[in-house]
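Every chain is numbered from 1, with letters handed out A, B, ... down the list of sequences. Just so it is clear, the model here is predicted, and its values are computed rather than measured. Atoms considered below: every heavy atom in the structure, side chains included; atoms not considered: hydrogens, waters and symmetry mates.
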Number of protein chains: 2
Amino acid sequence: MRKNFDYHALLGEKNPLLQFPKLKEAAIDEFSRKSFAEASLNEILKTAGMSKGSLYHHFGDKFGLYLAMLDLIVEKKLSYFYPLLQDGLDTSDFFDLLQKTMKATMDFMVADPRMHHLSNRLLEESVEFRNRLLSFYTPDYFQTFAAYVRQAVESGQIDSRYPPEFVAQVVEIMLSSVHKLVRTGEPEELLETAAQVVDFIKYGISRR
Amino acid sequence: MRKNFDYHALLGEKNPLLQFPKLKEAAIDEFSRKSFAEASLNEILKTAGMSKGSLYHHFGDKFGLYLAMLDLIVEKKLSYFYPLLQDGLDTSDFFDLLQKTMKATMDFMVADPRMHHLSNRLLEESVEFRNRLLSFYTPDYFQTFAAYVRQAVESGQIDSRYPPEFVAQVVEIMLSSVHKLVRTGEPEELLETAAQVVDFIKYGISRR
DNA sequence: GATGGTTTAGACCGTCTGGTCTAATTGGAC
DNA sequence: GTCCAATTAGACCAGACGGTCTAAACCATC
């Protein structure tokens, strides 16, 4: 934790990473392959052709670089979901919402698998590390499916024999595992697989 | 890679780790919390109260220790599945097999969550590392569900609209995610959750 | 051109890493 | 007790790590 450095200045439009494209790429590359502790700052700097002085001047420390990078990724990921919310989405049709979310998640994953990997890798970091990152965002910034699931149970779309938390977990497991289900990444495959996954979540695999 | 050291001697009944219970515990602890590269050998040694000389004498290097530990874990995990195979299991009933596998996986996870974590963490290691480990086992040692799935598709238990590989992947995703679905770990909860998961995989979550 | 803040370069620091090596200790065979 | 191999202890090594710091370079303003 560096003194006299305001990490908040790294977020949003003034994110200094926007001015260092090579650093951004090098960071995403390294942090998607290794955990935060395992990733080598020296390696990132070498790849990006940046000096240590510059990095510490702009980002404070290793954590600052990670935070700045994550902010860009989060923004990128959200950009895949904004269209959904604008297109007059009917959030009362749970499975339609699920299918669109699944497709958006796959699009994001295919567009840059490194970012998808990085998101999943973050979930494996220590609680302290994740909490420290979360402290820079408002609590409801990352809303999960839990709310919609509860709604869908009440409206009778989801069978009430399952506890809502169970369903929410299952949905999140499938969303974070899309990379294991997509093969080529071609647009038509994504559409088909997204439909298939939702179909599976909806009706299961037994013969019908 | 250490010269003149036979890693194969670490496996099976003569696994030297069996003679160093504290080392075994320390290793499982560290390797379940950190990746192979991230884990600290010095920390393990300190915790186990063992000297560096001893470790390198018995295990060759860090990799040897990991291999020996993994061998014990694999054996432990298999011990949860042997009973299934012996009890005159009807492998033609896919969903019965699935439920028993699910329950065994949960039992294993609850008995020692560190081992379950470690198995999952291994899947995140580099391909080289995993291949190096796999080279010490016969190819069919870790059989997946793929064969049974294909069988179940042919016998009409699984809907043929899904590609068998898709179903196999989905099953493996759920099996590796049991820790996200089990809460207390009490025996009755495990039974219920195992049934619930299989029910979900079979029929989905839609109202019926 | 002079001034002064911003940015960059990279030598350097203490710490930790996995691994090596040698000397001391242990323990069974005779 | 003697011998010798197996085992243990831990000092030591080179290299990598994140981070600090100072001096140079840059650049806008006048």
- Message: If the threshold is 4.0 Å, N to carboxylate O, is there a salt bridge linking A/Lys22 and A/Glu25?
- Response: no
Looking for any heavy atom pair under 4.0 Å, which part of the strands does B/Ala39 touch: base, sugar-phosphate only, or nothing?
sugar-phosphate
Of the listed D/dG10, D/dG19, C/dT8, the closest approach to the B/Ser51 side chain comes from D/dG10
Side-chain contact check for A/Leu41: nearest option of C/dG18, D/dG19, C/dT8 is D/dG19
Separation of C/dG19 atom C1' from B/Phe5 atom CZ, nearest Å, is 14 Å
Assign each of B/Leu55 and A/Asn42 the nucleotide of DNA chain D bearing its closest heavy atom; nearer the 5' end lies the nucleotide of B/Leu55
Fill in: Sugar-phosphate only, base, or nothing, as touched by A/Lys62 at under 4.0 Å among non-hydrogen atoms
sugar-phosphate
Between B/Phe129 and B/Tyr66, is the ring centroid distance below 6.0 Å?
yes
Rounded to whole Å, OH of B/Tyr56 lies from C1' of D/dC13 at a distance of 13 Å
Rounded to whole Å, the CZ-P distance (A/Phe36 to D/dC17) equals 14 Å
Is the distance between the ring centroids of B/Phe95 and B/Tyr148 under 6.0 Å? no
Taking D/dT8, C/dT8, C/dT20 as options, the one with an atom nearest any side-chain atom of A/Ser54 is C/dT8
Within a reach of under 6.0 Å around CZ of A/Phe36, are more than 12 heavy atoms found that belong to other residues, nucleotides or ligands?
-> yes
Atom CZ of B/Phe63 and atom P of C/dG19 are separated, to the nearest Å, by 11 Å
Testing D/dG18, C/dT17, C/dG19 for proximity to the side chain of A/Ser40, the answer is D/dG18
Between B/Pro16 and B/His58, the two heavy atoms sitting closest are CG-O, 4.1 Å
In whole angstroms, the gap separating P of C/dG18 from OH of B/Tyr66 amounts to 14 Å
From NZ of A/Lys46 across to P of D/dG18 the rounded distance in Å is 12 Å
Closest to the side chain of B/His58, out of D/dT7, C/dT17, C/dG10, is D/dT7
note: A/Lys34, atom NZ; D/dG18, atom C1'; distance rounded to Å ~ 14 Å
Winner on side-chain proximity to B/Lys52, out of D/dT8, C/dG18, D/dT20, is C/dG18
note: A/His57, atom NE2; D/dA24, atom P; distance rounded to Å ~ 19 Å
